[in-house]
Novice: 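Could you have a look at this structure, given as structure tokens, before my questions?
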Amino acid sequence: MTSTTDTAEHPEVTEISDLAEGLLPPSRSSDIRRHLDGCVLCADVYSSLEEIRGLLGTLPDAPRMPEDVATRIDAALAAEALLDVVAYEDGESDEARERETAPVSRETSAERSGPAPRPADRPSGHAPSATGPGRRSRVTRRRTGAAIGAVLTAAAIGTGVLLAQSGGGTSTVSKTPPSASQSASSFAKANLESKVSELLHEGDPTTLGTEGTSPKPSLKNPEIPKAAMTPPACVQRGTHRNEDPLGFKQGTYEGKAVYLLVLPHRSDPAHRVTAFIVDASCAAKNSSAAGELLYTHSYKRG
């Protein structure tokens, strides 16, 4: 392509761009530079191209795909490719069976039905057959089983990566002892005494402590750690008592999520207990402040 560099005809923008990139031969570069010295419009185009080139050079490289995401994608693609291969081979098997069962002419049937000549040195017996009942189905089942195994392996890899990414492979769900039922109960002043009695009788009575003592770990559940046998610390601080509760349970009280805690009575721990209903919102917020005490009452220890 040829272009003049006088003020009447300006060089093409592509030539100015090639000049900025250093792609023009020296003679052509000199002609265009002389034109830029006397043409404000082309000089402005050249300056804009240089600015764009500088901005593009400062852009950061594209971020690398995380390793766990790449692993899941590779596993999914491998499983899909294997399924496609199995489906293709199964399709070929179906076509072969159709060809074998296709109707033939009477003459061809007669020719095929005739006994094949047998060499004299071959012993008599069943004629060899390339196929037989169940042979193709066994191959298909093996291929299908391999495909299912590959899919399950890919799913296991993806699940393991997700667990490792979400929490380092450790679960934050703790075991809940029998005294802390997961099913939410509705507490009210009218039924609180019966709820306390049920809570005390859920465990072995011999494991319940007295004033100033903690509940003894039940021999029926030796695998439950002590941390799982106590309510959240902020909820326990809401009782303004230091000892561990005899039992506790989650539920609702006047439309709020709460904990019901039962502790020995201060003055008569052998015959009476005190029930505390504490707001559970502090546990959901991981707050260090004591939970709000909504209601407390003492009952006979029965």
Novice: Taking Asp268 as the fixed residue, which of Arg266, His271, His265 is the one that meets the side-chain hydrogen bond (donor to acceptor under 3.5 Å, both in side chains) rule?
Specialist: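 Single side-chain hydrogen bond (donor to acceptor under 3.5 Å, both in side chains) partner of Asp268 among Arg266, His271, His265: His271.
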Novice: Is the shortest distance from a Lys or Arg side-chain nitrogen in Arg34 or Asp37 to a carboxylate oxygen in the other one below 4.0 Å?
Specialist: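 Salt bridge between Arg34 and Asp37, a charged N being under 4.0 Å from a carboxylate O: no.
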Novice: Using every non-hydrogen atom in the two residues, find where Pro269 and Arg301 come nearest and quote the distance to one decimal.
Specialist: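 Nearest pair, atom of Pro269 first, then Arg301: O-NH1, 2.7 Å.
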Novice: Might you work through the side-chain contact (heavy atoms from CB on, under 4.5 Å) test for Leu192 and Tyr295, ending with a clear yes or no?
Specialist: CA-CA 10 Å; Leu192 191 58; Tyr295 182 75; 3.5 Å; yes
Novice: Look at the side-chain heavy atoms of Ile, Leu, Val, Met, Phe, Trp and Tyr, link any pair under 4.5 Å apart, and say whether Leu77 and Val69 land in one connected group.
Specialist: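 Yes; tracing contacts between hydrophobic side chains, which count when under 4.5 Å, links both residues.
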Novice: Could you check if a side-chain atom of Thr274 sits within less than 4.5 angstrom of a side-chain atom of Pro264, using non-hydrogen atoms only?
Specialist: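 No, too far: nothing below the 4.5 Å cut-off.
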Novice: Does the Asp74 side chain pair with the main chain of Thr71, one donor and one acceptor, at a distance under 3.5 Å?
Specialist: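 Not a single qualifying donor-acceptor pair exists.
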Novice: Side chains of Ser197 and Glu193: does their closest heavy-atom pair fall under 4.5 Å?
Specialist: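 Ser197 vs Glu193: side chains apart.
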Novice: How far apart are the C-alpha atoms of Glu15 and Arg28, what are their side-chain angles, what is the distance that settles it, and do they pass the salt bridge (charged side-chain N to carboxylate O under 4.0 Å, His left out) test?
Specialist: CA-CA 9 Å; Glu15 278 194 314; Arg28 187 58 183 162; 2.9 Å; yes
Novice: How about Val235 and Phe248: do any of their side-chain heavy atoms sit closer than 4.5 Å?
Specialist: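 In short, these two side chains do not touch, never coming nearer than 4.5 Å.
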Novice: Supply the atom-to-atom distance Leu263 CG to Leu261 CG, rounded to the nearest 0.5 angstrom.
Specialist: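 So the CG of Leu263 and the CG of Leu261 are separated by 6.5 Å.
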Novice: Looking at Asp18 and Val13, would you say the former's side chain and the latter's main chain have a donor-acceptor pair under 3.5 Å?
Specialist: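 Not confirmed, Asp18 side chain does not pair with Val13 backbone.
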Novice: If the condition is side chain to side chain contact (heavy atoms under 4.5 Å, CB included), which residues does Leu41 pass it with, not counting sequence neighbours?
Specialist: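 Only Cys39 meet the side chain to side chain contact (heavy atoms under 4.5 Å, CB included) criterion with Leu41.
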Novice: Tell me, do Val278 and Val258 make a side-chain contact under 4.5 Å, heavy atoms counted?
Specialist: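 In short, these two side chains do not touch, never coming nearer than 4.5 Å.
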Novice: So for atom CD, which belongs to Glu50, do other residues, nucleotides or ligands contribute more than 12 heavy atoms lying within a distance under 6.0 Å?
Specialist: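 Check passes, neighbour count above 12.
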Novice: Rounded to the nearest 0.5 Å, what separates atom CD1 in Ile277 from atom NZ in Lys256?
Specialist: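 So the gap between those two atoms works out to 11.5 Å.
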Novice: Do Ser288 and Cys234 make a side-chain contact, defined as non-hydrogen atoms from C-beta onward lying under 4.5 Å apart?
Specialist: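 SC-SC contact between Ser288 and Cys234 ruled out.
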Novice: For Tyr299, give me all partners under ring pair (Phe, Tyr, Trp, His ring centres under 6.0 Å), at least two apart in sequence or on another chain.
Specialist: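 Tyr299 satisfies ring pair (Phe, Tyr, Trp, His ring centres under 6.0 Å) with His297 only.
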Novice: Got a sec: does the CD of Glu21 have more than 12 other heavy atoms crowding it under 6.0 Å?
Specialist: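 Enclosed.
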Novice: Would you say the side-chain atoms of Ser48 pair up with the backbone N or O of Asp44, donor to acceptor, closer than 3.5 Å?
Specialist: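 Yes, Ser48 side chain to Asp44 backbone: donor-acceptor pair under 3.5 Å.
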Novice: Glu243 and Arg241: salt bridge (charged side-chain N to carboxylate O under 4.0 Å, His left out), yes or no, with the steps?
Specialist: CA-CA 6 Å; Glu243 63 269 33; Arg241 301 274 294 272; 2.5 Å; yes
Novice: Would Gln236 and Asn242 count as a side chain to side chain donor-acceptor pair (under 3.5 Å) here? Give the steps.
Specialist: CA-CA 8 Å; Gln236 191 164 354; Asn242 296 327; over 6 Å; no
Novice: In Å and rounded to the nearest 0.5 Å, what is the CZ to SG distance from Arg237 to Cys282?
Specialist: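 The SG atom of Cys282 is 8.0 Å from CZ of Arg237, to the nearest 0.5 Å.
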Novice: Quick check: does any side chain N or O of Thr296 sit under 3.5 Å from a backbone N or O of Ala275, one acting as donor and the other as acceptor?
Specialist: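 Side chain of Thr296 to backbone of Ala275, a donor-acceptor pair under 3.5 Å: yes, one is there.
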Novice: Please tell me if the side chains of Leu36 and Leu19 come closer than 4.5 Å, counting only heavy atoms from C-beta onward.
Specialist: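 When only atoms from C-beta onward are counted, Leu19 and Leu36 do touch, with a gap below 4.5 Å.
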Novice: Are Pro232 and Tyr259 side-chain neighbours, meaning at least one heavy-atom pair lies under 4.5 Å?
Specialist: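 Sidechains of Tyr259 and Pro232: in contact.
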Novice: Could you tell me the separation between the CD1 atom of Ile16 and the CZ atom of Arg33, rounded to the nearest 0.5 Å?
Specialist: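 Ile16 atom CD1 to Arg33 atom CZ measures 11.5 Å (nearest 0.5 Å).
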Novice: Decide side-chain contact (heavy atoms from CB on, under 4.5 Å) for Phe276 and Leu293; before the verdict, give the C-alpha distance in whole Å, the side-chain angles of both, and the deciding distance to 0.1 Å.
Specialist: CA-CA 7 Å; Phe276 299 86; Leu293 180 61; 3.9 Å; yes
Novice: Ignoring hydrogens, what is the shortest heavy-atom contact between Cys42 and His10? Give both atom names and the distance.
Specialist: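 Shortest heavy-atom separation between Cys42 and His10 comes out as SG-ND1, 3.4 Å.
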Novice: Side-chain contact test, heavy atoms from C-beta onward, threshold under 4.5 Å: evaluate it for Val262 versus Leu200 and give yes or no.
Specialist: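 Yes - at least one pair of side-chain heavy atoms lies under 4.5 Å apart.
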Novice: Can you list the steps and then say if Leu260 with Lys195 is a side-chain contact (heavy atoms from CB on, under 4.5 Å)?
Specialist: CA-CA 9 Å; Leu260 169 63; Lys195 295 291 184 181; 4.2 Å; yes
Novice: I need the Lys189 NZ to Glu254 CD distance, nearest 0.5 Å.
Specialist: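 Spacing of NZ (Lys189) from CD (Glu254) equals 6.5 Å.
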Novice: Could you grab the distance from atom CD of Gln250 to atom OG of Ser185, nearest 0.5 Å is fine?
Specialist: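 Here the interatomic distance stands at 10.0 Å.
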